[in-house]
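Structure record follows, encoded as structure tokens.
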Amino acid sequence: MSFTLLTIQILNGLQLGLLLFLVAAGLTLVFGVMDFINLAHGVQYMVGAYLAAALIAYTGSFALGLVLALAGALAIGLVMEGLIFRHLYGRSHLDQVLATFGLILVLNEGVKMIWGAAPISVGVPEALQGSVSLGDGVLYPVYRFAIIAAGLAVAAGLWLVIDRTRIGMLVRAGASNAPIVSALGVDINRLFMIVFACGAMLAGFAGAMAAPILSVEPGMGDSVLILAFVVIVIGGIGSIRGAFAAALIVGLLDTLGRSYSVDLLRLFLPPAAARGVAGGLSSMFIYILMAVVLFFRPEGLLPARGRS
Amino acid sequence: MSAEATSAPAAAARARSRLALSTTAPLVMLALFALLPLLAIATGQTHWLSLINRIVILGIAALSLDLILGVGGLVSFGHAAFIGLGAYTAGVMVDAGRGDLLLVVPAALLVSAVFAALTGAVSLRTKGVAFIMITLAFGQMAFFFSQALYAYGGDDGLTLPERSTVAGFPILANKVTFFYVSLGFLVAAYLLVRAVAGSRFGRALQGARDNPVRVGSFGFDVFRIRLGAYVISGMLAGLSGVLLANQAEFVSPAYMAWQRSGELIFMIIIGGLGSLWGAVLGAAAFLLLEEALSGFSEHWKLGFGVLIVLFVLFTRGGLADLARRLTGGRA
């Protein structure tokens, strides 16, 4: 594989990693601060994509549609928190898994009822159309660079909020030891609500950004959810730094593993069969990585401080 | 262990094991299952046969999960992988013309046992959320592996040219015979799991759910006990996969999808965790609900999801807790 193609694969891996980070950031905080397994986090990504698709088509403006979709994702997150999740915080993980599993069924079927089962496509905004030359006549779409930039910007913003503000301090403290934070007089339920709603919005943002490059369809959140779980388990539950590092590792491993295993398998399989087998086998890489990490470092690569 | 006899968790455990070891309910269920095909034939509703057959088959899978999740307290989120392994073993062997049940069943048990021993040895070193996630990861690995089985249809799955024979006789081709063979496997699986749960080994497994440190200090090797239960459980789920592949005459990666694992958990929770026969009841409730709702609307999953959410929010601990209270245990 040539150097420019490797560059493209690395950029694709970064882009997948950053999208995963946006989903995983909310998931890891909800998980870390509230000790809550939210399987329904993936459908919030899906809802973000659908809202973006619908609102961009309705307003005719990408930027306006995106902003409205974010507000919508935030509102849906708040409603779900108030109606359902709030009642599950103190319950066993088994109850949480089951209830949020039920919620996935509801929302997947709900979007199917509203928008139909067929995939919806969203156009790339005019300002971000076109490609950048990487040399050797290889082009890379501007929009994908925009996703990478947006992902990095959100990561930086999140780091600032969590590391430098009072609410961020409370979130970090909550991830280390929620009962003590509560005992110190912090309204822990309000904190939970804020963390949850922001997480839902970030997942929705990832879905909205991914909408122009993926097909928007029911169930699109499920695979992302599983990947996000892999990310937060590898990175360490409750740790934003860990989620960031693990998301990039998973994104790169998945993307590079896919392209290189096709090349490797082509040496002894016909091309079509090589693609099929490589698709399955390379999807296993990240799960193998997760099993290895869990085995040797059950707390993850960069665990939240004070949490063991 | 007189000290343990006075503690509250022990009282709850006794109530639970009383629930598990009661004989009336399982016998009533068995009689019902045995009569249903006759009823279906008498009323001409033979399409019900495949539904009750699937109930019996998934009942075996739910029962196997109940051993590790209900009795052992190990929340495995990758149990569907074992069903898929058994199903694929059957599919591949039938496809190769070596599809006799006397060959397929031992092969599927072996494959499931090896997979369970390998993945269990890794995942049982973790606990809590990490265990849920790592079993999910192993389940996904099996799922993607089956997608990579290009020679056997890959993502599209594999249609079986025929059902397995039994000692050379094509008796499974008959729906009614197949049902009673499946029922026979369910009864055998139930008796096995019940014997395991009631044994010293099973008591230690159950004790380790409530307090692994204490069970360890009694001299039990908690890790090995859990691994043993995990392997038994995986093998039984593999067996149900063999039957499922034959019943549907089809196998596909969808059998191992993580949603299937979620559904298995739901089955044993509605049935009552750790009550064994309740797992079969849960499988029946699940499939009947699915049947009823899917006949009602094509968007039945929406209603189904709502039911699951309401069930968790309002029953607290599921019907198991209700049953425990009714049988006089700790509420």
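Quick note: numbers below take in every heavy atom, side chains included, and nothing from hydrogens, waters or symmetry partners. Here is the naming used below: chain letters follow the sequence lines, and residue numbers restart at 1 for every chain.
Only the side chain of B/Val75 comes within contact range of chain A, judged by heavy atoms closer than 4.5 Å. At a 4.5 Å heavy-atom cutoff, the contact between A/Met113 and chain B is made by backbone and side-chain atoms alike. Looking at B/Ile134, both its backbone and its side chain come within 4.5 Å of chain A, counting heavy atoms on both sides. Contacts of A/Ile286 with chain B are absent, with no heavy-atom separation under 4.5 Å from either backbone or side chain. Proximity to chain A is limited to the side chain of B/Phe77, based on heavy atoms less than 4.5 angstrom apart.
Taking each heavy atom of B/Met133 and A/Val233 in turn, the nearest pair found is CG-CG2, 3.5 Å. When all heavy atoms of B/His299 and A/Glu109 are compared, the pair lying nearest together is ND1-OE2, 2.9 Å. The two residues B/Leu313 and A/Arg91 have their closest heavy-atom pair at O-NH1, 4.0 Å.
The candidate with the highest count of non-hydrogen atom pairs below 4.5 Å against chain B, out of A/Ile84, A/Leu88, A/Leu98, is A/Leu98. The greatest number of non-hydrogen atom pairs below 4.5 Å with chain B, out of A/Gly110, A/Ala99, A/Ser92, is found for A/Ala99.
To the nearest 0.5 angstrom, A/His87 atom NE2 is 7.5 Å from B/Phe314 atom CZ. Here the OH-CE distance, from A/Tyr287 to B/Met141, works out to 9.0 Å after rounding to the nearest 0.5 Å.
By the 4.5 Å heavy-atom criterion applied to side chains, A/Leu105 and B/Ile308 are counted as neighbours. Between A/Val292 and B/Val122 the shortest side-chain heavy-atom distance does not fall below 4.5 Å.
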Task: side chain to side chain contact (heavy atoms under 4.5 Å, CB included) between B/Trp258 and A/Leu39, intermediate numbers included - done: CA-CA 11 Å; B/Trp258 66 279; A/Leu39 295 188; 4.3 Å; yes
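Among the candidates A/Val106, A/Asn108, A/Leu107, the single residue satisfying the side-chain contact (heavy atoms from CB on, under 4.5 Å) test with B/Leu302 is A/Val106.
Proximity to chain A among residues 278-293 of chain B is not found for any residue, judged by heavy-atom separations below 4.5 angstrom.
For B/Trp300, the ring pair (Phe, Tyr, Trp, His ring centres under 6.0 Å) partners are B/Phe304, not counting sequence neighbours. Remark: A/Tyr45 pairs with no residue by the ring pair (Phe, Tyr, Trp, His ring centres under 6.0 Å) rule, at least two apart or across chains.
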Exercise answer: donor-acceptor pairs, residues 214-230 of chain A side-chain atoms, under 3.5 Å, sequence neighbours excluded:
| from | atom 1 | to | atom 2 | distance (Å) |
| --- | --- | --- | --- | --- |
| A/Ser215 | OG | A/Glu217 | OE2 | 3.3 |
| A/Asp222 | OD2 | B/Gln259 | NE2 | 3.0 |

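Proximity of a side-chain donor or acceptor of B/Arg125 to a complementary backbone N or O of A/Phe296 within less than 3.5 Å is not detected.
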